*Asks:* 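First the structure, then my questions, so here it is.
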Amino acid sequence: MSSMARPSLHLVTALACEAKPLIDCFGLRKQEQTDYPLFQGQLRDHKVSLVVSGLGAFNAGAASAWLAGRESALGRSQSAVWLNIGVAGHASLAPGEALLVHACRAADEIRSYYPSMVAKWPGKTAALYTLAMPSQDYPADAMIDMEASGYFTAVSRFSTAELIQSIKIISDNQRSNLEKLSPTVISDLIQSRITELCSFIDNLLAIARLPQPADYLHLISHLHASVSHRAQYARLIEHLSATGGLDEQLQQALGQANTIAEVLAMLRERRDQQVPVLNGVD
Amino acid sequence: MVDTIYIEQQVREHPRALAVMQRFKHARVIEIERYSEVFNSHGQNFRLQKQNPSLILAHKSNARLHSTPAQYETGGGANYYFSHMLNCLYDCRYCFLQGMFQSANYLLFVNFEDFVADIASTAEQHGHDARPAWFFSGYDCDSLAYDPVTGFAEHFLAAFEQLPNAVLELRTKSTQIRSLLARPATPNVVVAYSLSPPAVASELEVGAPGFEKRVDAIVRLQQHGWRIGLRFDPVIWHADYQQDYAGALAYLFERVDAAQIDSVTLGGFRLPRDYYKKMQKLYPEHWLFAAGLNSEASQIAYRQTLEQEVLGAVETLTRQYISQQQLYVYPSYEAGPAQQQGVAELETMR
């Protein structure tokens, strides 16, 4: 039968001090000998990975892509939730405010990226400009950071828009002094919003469950089957799985078949016999 | 309840956009340059987005009116369709919109006046035709479901009162009929209800009013003088389909005046292959995308013999109440491939 995947959670921060409250919150453990600092653990049934990218959009994109590739190779990439968490500047908002990013644009680009706003976020949202250098030249109605555009650009290749989000905690504004922004201060800012962050992560994980195709390849592992045969087999299994026609008797018969042609014929015969019954099959 | 509204800069001051935003005072408003930035962007998942769709307010600058495929003959004369909105409040599992659009967000074009101007000039071109030109609404959205927000019916009904050689068909599953009951029936408007037997509706037409509620709405509209169309399209094959369709038809025609029904259409479950593939990927676990389908063909439909059997049976049941002149049946296998594709785009679905 089809199963609902337990989506993985992928967190991306630029700095170790941004990561620290999250590492503590989820009890993540540092992985040895990785290209980027990587911390992993579990949140209930969900695998959690946190990568520290370093400053800048290029690093954010590269680290995110690296994590996506690594998880994909381990077969854990489907319907992954991605969340970039970090600090940002804003002209007037007070330090400590948490905002979900609703549009993101690199300073030298024309097009914006619009994260899909499906998961519930009760707080404020704002647009975000990603700059190449630190700046205190704040735009009127948007936040500024140095990573998010690279993160969105890279991650949108690996997951679906509804599950790729970024939350920024305001760290500086026109009245504050950037030089006072120490790692401890940044960790404290993130820590002060950990409840809202965890709640949003729960909401993201709740919407992210997608059905995975049925997998019954083990039933024909003893048979020689071409790529085309396997594709036909997978399609028929999917159909029968959906219509409730893949009972134990049929599975046993498939396991005893001598050729893939025999298997496909059995599946087609059963498919053509299946009549959908309302209220019970779905 | 919509919690996010995207609005194109150019419609920011449009009275209809302002009225919609007034209705959703607590929604976050995000300004965009073009709706396509949000609606057409890649990497969206219709199924996930359907859990909490946003509303996009935009201007439709061109291609507001389309000719219908040749086979679509319910109107009898020149036939056009238009969509003031893309996507639907309901979540019908068989609906082709899931396969057609990247996004499940509701896209509302607020410049109704431009749609009406196009309709008026097209109707004028057909001023000397023997039959009026028909204009169909409700293929890329439900015509009435969002009416309390959009004011669509009020605007377009008033416009069609001034277009005697044009007919408007409103395709809907909605019971939002207050605006229709608040005014005298317009003789050149047909309210066409999409119907399925209760068991099918409750399982496949997620979020839509139940069968009995739709019948109640039909009865009230008919009593008010509105012309009514009935659409069993798609007819869904399942174990008790004959019994279910017989029961639904009996219930329906006990309540409505069959002689006054404008037309009844029946159609098989059919989809362009690309749409089917997307929909099957969204719902791999759903029987609808597996049971009885000829998935090898360029257009996905029930196997030909099965479709003939199902449509034939429901046609026979329907003929107990409706004359041959009132009944239109749209099988998937009789038309040529081009027509099949067009009809599938228009007809499979709601």
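None of these values were measured; they are calculated from a predicted model. Heavy atoms only: backbone and side chains are in, while hydrogens, waters and symmetry mates are out. In what follows, chains are A, B, ... by sequence order, proteins preceding strands, each numbered from 1.
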*Asks:* Between Asp240(B) and chain A, with a heavy-atom cut-off of 4.5 Å, which part of the residue counts as in contact: side chain, backbone, both or neither?
*Replies:* neither
*Asks:* Tell me, side chain or backbone of Glu31(B) under 4.5 Å from chain A's heavy atoms, or both, or neither?
*Replies:* backbone
*Asks:* Counting N and O atoms only, with roles assigned by atom type, does the side chain of Gln51(B) sit under 3.5 Å from a partner on the main chain of Ile207(A), one being a donor and the other an acceptor?
*Replies:* yes
*Asks:* Donor-acceptor pair, Glu162(A) side chain versus Asn45(B) backbone, under 3.5 Å?
*Replies:* yes
*Asks:* More than 12 foreign heavy atoms under 6.0 Å from CD of Glu248(A): is that the case here?
*Replies:* no
*Asks:* Would you find more than 12 non-hydrogen atoms of other residues, nucleotides or ligands less than 6.0 Å from Arg157(A) atom CZ?
*Replies:* no
*Asks:* Please classify the contact of Arg93(B) with chain A as side chain, backbone, both or neither, using a heavy-atom distance under 4.5 Å.
*Replies:* neither
*Asks:* Would you find more than 12 non-hydrogen atoms of other residues, nucleotides or ligands less than 6.0 Å from His42(B) atom NE2?
*Replies:* no
*Asks:* Nearest 0.5 angstrom please: Ile30(B) CD1 to Tyr114(A) OH, how far?
*Replies:* 8.5 Å
*Asks:* Closest heavy-atom contact between Val277(A) and Ala239(B)?
*Replies:* CG2-CB, 4.0 Å
*Asks:* With a 4.5 angstrom heavy-atom cut-off, which part of Pro122(A) approaches chain B: side chain, backbone, both or neither?
*Replies:* neither
*Asks:* Do the side chains of Asp3(B) and Trp121(A) get nearer than 4.5 Å, heavy atoms only?
*Replies:* no
*Asks:* Given that the side chain runs from C-beta out, which part of Ile164(A) has a heavy atom under 4.5 Å from chain B: side chain, backbone, both or neither?
*Replies:* neither
*Asks:* Check whether any side-chain N or O of Thr243(A) sits under 3.5 Å from a backbone N or O of Ala291(B) as a donor-acceptor pair, and report yes or no.
*Replies:* no
*Asks:* Verify the neighbour count for atom NZ of Lys281(B): are there more than 12 heavy atoms of other residues, nucleotides or ligands below 6.0 Å?
*Replies:* no
*Asks:* Does the side chain of Lys120(A) reach to within under 4.5 Å of the side chain of Asn52(B), using non-hydrogen atoms?
*Replies:* yes
*Asks:* With chain A as the partner, which of Gln280(B), Glu37(B), Lys50(B) has the greatest number of non-hydrogen pairs under 4.5 Å?
*Replies:* Glu37(B)
*Asks:* Check whether Leu306(B) gets within reach of chain A through its side chain, its backbone, both or neither, counting any heavy atom under 4.5 Å.
*Replies:* neither
*Asks:* Quick one: are Glu238(A) and Glu285(B) in side-chain contact, heavy atoms under 4.5 Å?
*Replies:* no
*Asks:* Roughly how far, to the nearest 0.5 Å, is CG of Asp244(B) from CG of Leu278(A)?
*Replies:* 6.5 Å
*Asks:* Indicate yes or no: at least one non-hydrogen side-chain atom of Asp272(A) is less than 4.5 angstrom from one of Arg303(B).
*Replies:* yes
*Asks:* Return the minimal non-hydrogen interatomic distance between Ala208(A) and Leu48(B), and the atom names on each side.
*Replies:* CA-CD2, 4.2 Å
*Asks:* Measure distances from Ser41(B) to the heavy atoms of chain A and classify the residue's part below 4.5 Å as side chain, backbone, both or neither.
*Replies:* neither
*Asks:* Decide yes or no for Met117(A) and Tyr6(B): does some side-chain heavy atom of the first lie under 4.5 Å from some side-chain heavy atom of the second?
*Replies:* yes
*Asks:* Which atoms of Tyr241(B) are under 4.5 Å from chain A, going by heavy atoms: the side chain, the backbone, both sets, or neither?
*Replies:* neither
*Asks:* Just verifying a value: how many Å separate Glu33(B) CD and Arg111(A) CZ, rounded to the nearest 0.5 Å?
*Replies:* 9.5 Å
*Asks:* For Tyr129(A), does the OH atom have more than 12 heavy-atom neighbours from other residues, nucleotides or ligands under 6.0 Å away?
*Replies:* no
*Asks:* Heavy-atom count check: over 12 atoms from other residues, nucleotides or ligands less than 6.0 Å from Asp202(A) CG?
*Replies:* yes
*Asks:* For a quick test of reading the model, state the closest non-hydrogen atom pair linking Ala242(A) to Trp287(B) and the distance between them.
*Replies:* O-CB, 3.6 Å
